[in-house]
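Down below is the structure, laid out as structure tokens.
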Amino acid sequence: MTQVATHACQLWYTETVTPEDIAAIERLVTDANIPLTLQAMPLTGKLNTRQKRLLSTESTCPVLILEGSYQLSWLSGELLVTPEWDKLQRRVVRAGRKSELLLQAAKINDHSRVLDATAGFGHDSLILASTGAQVQMLEAAPIMALLLLSEQQRMQTHPNWQKLMARLNIRHTTLQQYVQDAKDADTHFDVVYLDPMFPEGSYQDRKNGKGAKVGKGMQALHRLAAPPNDAEEQTLFTFAKKLCQTNAKSGRVIVKRPSDAPLFAAQVPDEQWQNDALRFDGYFV
Ligand SMILES: C[S@@+](CC[C@H](N)C(=O)[O-])C[C@H]1O[C@@H](n2cnc3c(N)ncnc32)[C@H](O)[C@@H]1O
């Protein structure tokens with residue numbers, strides 16, 4: 001196994017946090033081979049805007065905040081971000097082909113195996129898994145991978161989320177590395193989903209030309225991850241296709257784009273589903 005250099009990361013914890021809570025987060029880091037070294041420190045006083053600004057300006061490394069068992073957030077500038085899966089409950093419960101463009105594009109069911117190769121906050125993974133499909137999630141950024149794992153642990157404690165959580169498998173890796181490491185059984189996906197970072201300035205509403213509201217999570221994510229360049233788009237597309245090539249019946253690659261964005265990797269899709277803000281391009285393999 002190749003040794004990867006680890007990066008320091010501050011873990012500030014509030015007074016409700018127990019040593020077991022901190023140990024549990026450290027275990028997630030170790031078990032998932034996330035290259036972070038956590039420096040745990042107690043947080044005194046309220047976490048108000050002034051304190052957030054102080055913590056992020058005074059630190060030269062990423063800052064995480066732990067507020068309870070698996071209640072982990074990343075402080076990016078003054079933005080405190082976390083996957084917040086519970087806020088998606090209504091959407092997940094109602095998710096279907098009528099309400100979700102992604103599900104129209106993916107056409108999956110409870111026998112499907114899906115690879116979400118760019119997991120981010122995991123919101124699209126939840127929609128995909130709401131169909132009963134098994135979802136393998138990949139996330140390249142160490143901080144994001146840790147947030148996802150900790151959110152999965154937190155949501156597993158809610159009885160009505162347990163089945164959904166059991167269908168998600170989270171790995172900290174890139175799509176490129178995953179393909180290199182994959183054993184045969186890891187490669188038979190019905191759908192490979194790509195939602196790479198959108199180009200800067202593409203969060204616009206097509207009708208009125210005004211900037212569409214960008215969630216604080218996405219604003220923060222732009223500080224961690226850049227949109228792929230042309231060569232990276234080609235690589236991602238080739239690898240995504242490779243992972244559903246062995247499944248001759250229903251393999252498809254789905255790419256999420258801003259509605260007016262150029263084609264990903266200059267590839268012409270077989271089908272498109274779109275609304276005013278977003279487009280899902282489908283490629284049948
Ligand atoms: C736009 S976000 C995805 C948002 C996600 N669909 C959601 O619902 O929250 C893109 C994410 O993909 C990750 N990423 C980018 N390139 C990647 C790669 N080659 N392999 C794995 N993850 C990647 C980034 O770190 C970022 O977190």
Side-chain angles (χ1 to χ4, degrees), residues 4 7 32-36 62 73-74 76 79 81-88 91-92 95 100-103 105-106 114-130 135-149 151-152 155 164 168-182 186 189 191-203 212 214-243 253-258 261 264-265 277-281:
V4 182
H7 302 278
N33 281 321
I34 299 179
L36 292 173
S73 312
W74 165 44
S76 167
L79 297 176
V81 293
T82 181
E84 294 186 304
W85 286 352
D86 32 1
K87 290 209 172 150
L88 264 79
R91 204 177 137 200
V92 170
E100 296 291 341
L101 223 47
L102 172 56
L103 296 184
V114 179
L115 180 76
D116 181 352
T118 50
F121 288 97
H123 296 175
D124 289 330
S125 286
L126 292 185
I127 299 299
L128 291 162
S130 71
V135 181
Q136 174 66 61
M137 301 161 67
L138 310 182
E139 176 47 53
I143 295 278
M144 294 305 295
L146 179 56
L147 288 183
L148 287 172
L149 285 162
E151 187 70 349
Q152 187 185 33
M155 296 310 287
L164 188 72
L168 303 178
N169 189 294
I170 301 164
R171 270 179 66 174
H172 163 53
T173 186
T174 61
L175 174 62
Q176 297 87 321
Q177 192 62 47
Y178 181 81
V179 170
Q180 277 187 28
D181 297 345
D186 300 332
F189 291 101
V191 170
V192 176
Y193 176 56
L194 295 174
D195 175 15
M197 300 304 291
F198 289 176
E200 299 276 359
S202 61
Y203 298 92
V214 186
K216 66 173 181 172
M218 240 0 110
Q219 282 178 45
L221 205 45
H222 268 283
R223 299 179 188 151
L224 262 192
N229 60 29
D230 290 351
E232 286 162 345
E233 284 193 4
Q234 292 295 342
T235 311
L236 290 174
F237 190 76
T238 308
F239 284 171
K241 257 173 61 179
K242 203 172 166 174
L243 290 173
V253 175
I254 304 292
V255 185
K256 182 176 177 181
R257 308 287 286 154
F264 190 73
L278 289 175
R279 197 177 82 221
F280 292 92
D281 291 345

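Quick caveat: nothing in here was measured; it's all calculated off a predicted structure. When a ligand or atom number is given, it counts from 1 through the structure's own listing order.
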- Query: Does a side-chain heavy-atom distance below 4.5 Å link Leu146 with Trp74?
  - Reply: no
- Message: Checking contacts here: is it the side chain or the backbone of Ala117 that comes within 4.0 Å of ligand 1, counting heavy atoms only? Could be both or neither.
- Response: backbone
- Under 4.0 Å to a heavy atom of Thr174 - the qualifying atoms of ligand 1, by number: 20 (N), 21 (C)
- Judging by distance only, is a nitrogen or oxygen of His123 under 3.5 angstrom from one on ligand 1? yes
- Message: Please list, in number order, the atoms of ligand 1 under 4.0 Å from a heavy atom of Ala225.
- Response: 24 (C), 25 (O)
- Message: Taking salt bridge (charged side-chain N to carboxylate O under 4.0 Å, His left out) as the definition, give me every residue that meets it alongside Glu100, ordered by chain and number, with sequence neighbours left out.
- Response: Arg91
- Examine Asp195 against ligand 1 and note whether any of their N/O atoms are separated by less than 3.5 Å. yes
- Message: Does ligand 1 come near enough to Lys256 that some N or O of the ligand is less than 3.5 Å from an N or O of the residue?
- Response: no
- Item | Ile254 and its side chain to side chain contact (heavy atoms under 4.5 Å, CB included) partner, picked from Val191, Val114, Val192 | Val191
- Query: Mind checking whether Met144 has an N or O less than 3.5 Å away from an N or O of ligand 1?
  - Reply: no
- Query: For Gln176 and ligand 1, does the shortest N/O to N/O distance drop below 3.5 Å?
  - Reply: yes
- Message: Below a 4.0 angstrom heavy-atom separation, can you tell me which part of Ala119, side chain or backbone, both or neither, approaches ligand 1?
- Response: backbone
- Message: Using a 4.0 Å cut-off to any heavy atom of Leu236, which atoms of ligand 1 qualify?
- Response: 19 (N)
- Do side-chain atoms of Glu139 reach the backbone of His172 as a donor and acceptor pair under 3.5 angstrom? no
- Residues at least two apart in sequence or cross-chain that pass side chain to side chain contact (heavy atoms under 4.5 Å, CB included) with Asp230, listed by chain then number, are none
- Note on the structure: So for Leu221 against ligand 1, with non-hydrogen atoms under 4.0 Å, the contacting part is side chain
- Message: Pairs of nitrogen or oxygen atoms closer than 3.5 Å, one from Ala140 and one from ligand 1: do any exist?
- Response: yes
- Query: Which of the atoms in ligand 1, numbered in the order shown and given with their element, are less than 4.0 Å from a heavy-atom of Phe121?
  - Reply: 7 (C), 9 (O)
